[in-house]
Asker: 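I'd like to ask you about the structure that follows.
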Number of protein chains: 2
Amino acid sequence: MNLKQLSLMLELSQTTVSRALNGYPEVSEETRRRVTDAAKRHGYRPNPSARRLATGKAGMIGYVMPTGASVDIDPHFVEFLSGLGDYARGHELDLVLSPADAQDEETTYRRIVANKQVDALYISAPYNADKRVALAHQLGIPFIVHGRSEGLDFDYPFIDIDNEGAFHDATRLLVQLGHKRVALINGDDTQTFAIFRERGVRRALAESGLVLEPKNIRSEIMTEENGYRAARRLLEGPEAPTAIVCSSLLMALGIVRAARDLNLSMPRDLSLVSHDDVFHWLKPEHFSVPLTTTRSSIRAAGARVAERLAARISGLEDGARGEVWPVDLVVRGSISGAR
Amino acid sequence: MNLKQLSLMLELSQTTVSRALNGYPEVSEETRRRVTDAAKRHGYRPNPSARRLATGKAGMIGYVMPTGASVDIDPHFVEFLSGLGDYARGHELDLVLSPADAQDEETTYRRIVANKQVDALYISAPYNADKRVALAHQLGIPFIVHGRSEGLDFDYPFIDIDNEGAFHDATRLLVQLGHKRVALINGDDTQTFAIFRERGVRRALAESGLVLEPKNIRSEIMTEENGYRAARRLLEGPEAPTAIVCSSLLMALGIVRAARDLNLSMPRDLSLVSHDDVFHWLKPEHFSVPLTTTRSSIRAAGARVAERLAARISGLEDGARGEVWPVDLVVRGSISGAR
DNA sequence: GCGGCAATCCAAAGCGCTTTGAAATGCCGT
DNA sequence: ACGGCATTTCAAAGCGCTTTGGATTGCCGC
């Protein structure tokens, strides 16, 4: 069932039928009703390829997915997908994933934009002066950044959480509990979220005349193993920290294991605060010692990204508004006063 | 730069240019060379929407993603995505994710097929007599199932691992070590992988005249929390099992925590074997007691799925061939002889 | 009764590609 | 020199939609 057949059986022109269906004003309410009724009754659905060819609009959003033999997709990504689904599900909005060589994402960006495969882009885990953001901006395709990128000479729309504030507050709490030697086990510090977090820790320490010593800061891909290694190195050295702030539950898992291996009990010998992105499959309250966390749901952010992307596509949103979401600080058993 | 412009500047018809570019035989080698040269030189790229409208081919593969307020996307999915990227990256093959209400995936399946949005479908985590598989079969769209579905009255192409064999071998090893009370903490037992695994355990036990008692089998969504709960329940009861086989590292995490809470030491008081899907962010060899696992990389399967899907799209593969991959049994410190 | 203005509706021209059916072209043997 | 046969090329017709520019209709005031 296509437009032609439908217009034939309604004895109307394709123009009118098309307009009726797409809500144009130059069609009487009665005809519109007739048309929409018939369309529903016969299960007419406009062919997206044809529509796309005619309009240039795809009705899809895109994500360039960096891949490579030694590139692993971050498990946080499924949380984002769940959130995207929360919104997109009811809106017939699809996401196209374009795998790209992590060394050369630009080619893929150019391809999907030139091909008009998608109407808008999602960009995640930005670096400072992020090339992809600059490219999307330059190519003139709508996009939203999940996170922030500093050092770009233009504004852009984004959604981010208050990483600096969260880590500042967590650190301040530890300091107030009497901790003097606080360490940070961070994620990849070329990414902006990690930079902001480090900034937050430093600022909180500075407010009490303390500093984050170079040896007390580690930055690695956020895996259990890296958390373990970083913690071992920190805790075995002289003047070991009495409190650790870390960027992911995955790393926290490794830190807990390291503490156990070293016979340090939590929170007596070591206080730990982790950031929690809210995984359904791993929860801080279920650690052997329930974890104090800074908490912000990636899933919620995913839904919001989808919503704003949809708004930008349909022209309801423009401009370069940035949203910064506050982060909860949830206190549980893994912290206590310094000995 | 479109076909028309290109053909104009080559002083050839669009027909010839199109044919030259698509490798049709009725064009002389010399013209073909001229055409491909010019195309490359001017960076000509056929507009996919137009091509799709004309041919009905989309050049994309689809995945209907079940979502819902209480539906969480499985973290295993990112591993699949990594694998898909491994293959698709070099082939300009994109994946479109269509979020669907988990209660009603059929509508979405029909939509994307009717719209010709994708050339082939990926179906994962099947149930027995899986509706989606039946639907895809009936709609006549190429697809590949990741896993197997029993009770369908037709054959279909799939890729699966030997779940039954893996769990059989793991259980047999435990039995050979003298364990009489073996428990299984499985994933959602409406999914076929879980059914096969249970079958493997039962068969191995039966071979030694043992049985899997109802109280010794648990089946839940594979999260840390569920692993913990199931293990507590098993281990606190009378005649607690001396060995557990479980379906995921995530659950193993919870099982280890439960054992620790109950002051059971591994492997002295409890032997544990887990299935390992090979996550880069959580490795069995880095558990406090290194875990014995049945191992099979989802990522590798993802790459293979992409490869076969591409082959089916281009007509290089047809028929209903199923692949069953063997599973490694990797022995580490978490098992020992029964006390 | 008529010009003028909305309100409706329509035919036809794209969008950029593939593919059908037909027309050139070149070459062969006779 | 000419019919016959490949080989190579082409014009034009879709694919199914949107949208431009016009045509038609109905209704108003005068």
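Proteins get letters first, then strands, A, B, ... in listed order; numbering begins at 1 in each.
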Asker: Does D/dT19 have OP1 or OP2 under 4.0 Å away from a side-chain N or O of A/Y24?
Answerer: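 Answer is yes, contact under 4.0 Å.
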Asker: B/L53 has an atom CG; how far is it from atom P of D/dG14, in whole Å?
Answerer: 14 Å
Asker: For the residue pair A/Y122 and A/F77, does the interplanar ring angle fall in the parallel (under 30°), tilted (30 to 60°) or perpendicular (over 60°) class?
Answerer: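 Taking A/F77 first and then A/Y122, their aromatic rings lie parallel (interplane angle under 30°).
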Asker: Using whole Å, report how far CG of A/L6 lies from C1' of D/dT18.
Answerer: 15 Å
Asker: Quickly work out the B/K57 NZ to C/dT18 P distance and round it to whole Å.
Answerer: 14 Å
Asker: If you assign each of B/R45 and B/E26 to its closest nucleotide in DNA chain C, which residue comes earlier from the 5' end?
Answerer: B/R45
Asker: Between D/dC17, C/dT19, D/dG21, which nucleotide gets closest to the side-chain atoms of A/R19?
Answerer: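 The listed nucleotide nearest to A/R19's side chain is D/dG21.
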Asker: Can you check the A/L3 CG to C/dG14 C1' distance for me, whole Å?
Answerer: 15 Å
Asker: OP1 or OP2 of C/dC9 sitting under 4.0 Å from any side-chain N/O of A/T15?
Answerer: no
Asker: Can you check whether B/H91 and B/Y87 have ring centres sitting under 6.0 Å from each other?
Answerer: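 Yes; B/Y87 has its ring centre under 6.0 Å from that of B/H91.
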Asker: I'd like to check B/R132 versus B/V64 (side-chain heavy atoms, cut-off strictly below 4.5 Å). Are they in contact?
Answerer: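 They are not in contact (no side-chain heavy atoms under 4.5 Å apart), so the answer is no.
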Asker: Choose from C/dC17, D/dT18, D/dG16 the nucleotide whose nearest atom is closest to any side-chain atom of A/Q14.
Answerer: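 Comparing C/dC17, D/dT18, D/dG16 against the side chain of A/Q14, the answer is D/dT18.
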Asker: In whole Å, what is the span from the CZ atom of A/R52 to the C1' atom of C/dC15?
Answerer: 13 Å
Asker: Quick one: B/L12 CG to C/dA24 C1', roughly how many Å, whole number?
Answerer: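 It is 14 Å, rounded to the nearest whole Å.
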Asker: Hey, what's the ring geometry for B/F154 with B/Y156, parallel, tilted or perpendicular (30° and 60° as the breaks)?
Answerer: perpendicular
Asker: Please tell me if A/T31 has a side-chain N or O lying less than 4.0 Å from either OP1 or OP2 of C/dC9.
Answerer: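 Checking A/T31 against C/dC9: at least one side-chain N or O falls below 4.0 Å of OP1 or OP2.
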Asker: Under 4.0 Å from OP1 or OP2 of C/dC9: is there any side-chain N or O of A/S13 that close?
Answerer: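 It does not, given that no N or O in the side chain of A/S13 lies less than 4.0 Å from OP1 or OP2 of C/dC9.
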Asker: Contact class for B/S18 (heavy atom, under 4.0 Å): base, sugar-phosphate, or nothing?
Answerer: base
Asker: With a 4.0 Å limit, can you tell me whether B/S28 has a side-chain N or O closer than that to the phosphate oxygens OP1/OP2 of D/dT9?
Answerer: yes
Asker: When all nucleic acid strands are considered with a 4.0 Å heavy-atom cut-off, which category describes B/E11: base, sugar-phosphate, or nothing?
Answerer: sugar-phosphate
Asker: Take B/K116 and B/V113 through the side chain to side chain contact (heavy atoms under 4.5 Å, CB included) test and state the conclusion after the steps.
Answerer: CA-CA 5 Å; B/K116 303 197 171 168; B/V113 170; over 6 Å; no
Asker: Have a look at B/E29 and say if it touches a base, only the backbone sugar-phosphate, or nothing, with a 4.0 Å heavy-atom cut-off.
Answerer: nothing
Asker: Does a nitrogen or oxygen in the side chain of B/N47 sit under 4.0 Å from OP1 or OP2 of C/dC15?
Answerer: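 Checking C/dC15 against B/N47, no side-chain N or O comes under 4.0 Å of OP1 or OP2.
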Asker: Starting from the 5' end of DNA chain C, give me the residue, A/P25 or B/T16, whose nearest nucleotide shows up first.
Answerer: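 In this pair, the answer is A/P25.
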Asker: Round to the nearest Å and state the distance from A/R51 atom CZ to C/dG14 atom C1'.
Answerer: 17 Å
Asker: Rounded to the nearest Å, what distance is computed from the CG atom of residue B/L8 to the P atom of nucleotide D/dC10?
Answerer: 11 Å
Asker: Do the charged groups of B/E307 and B/R304 touch, with an N to O distance under 4.0 Å?
Answerer: yes
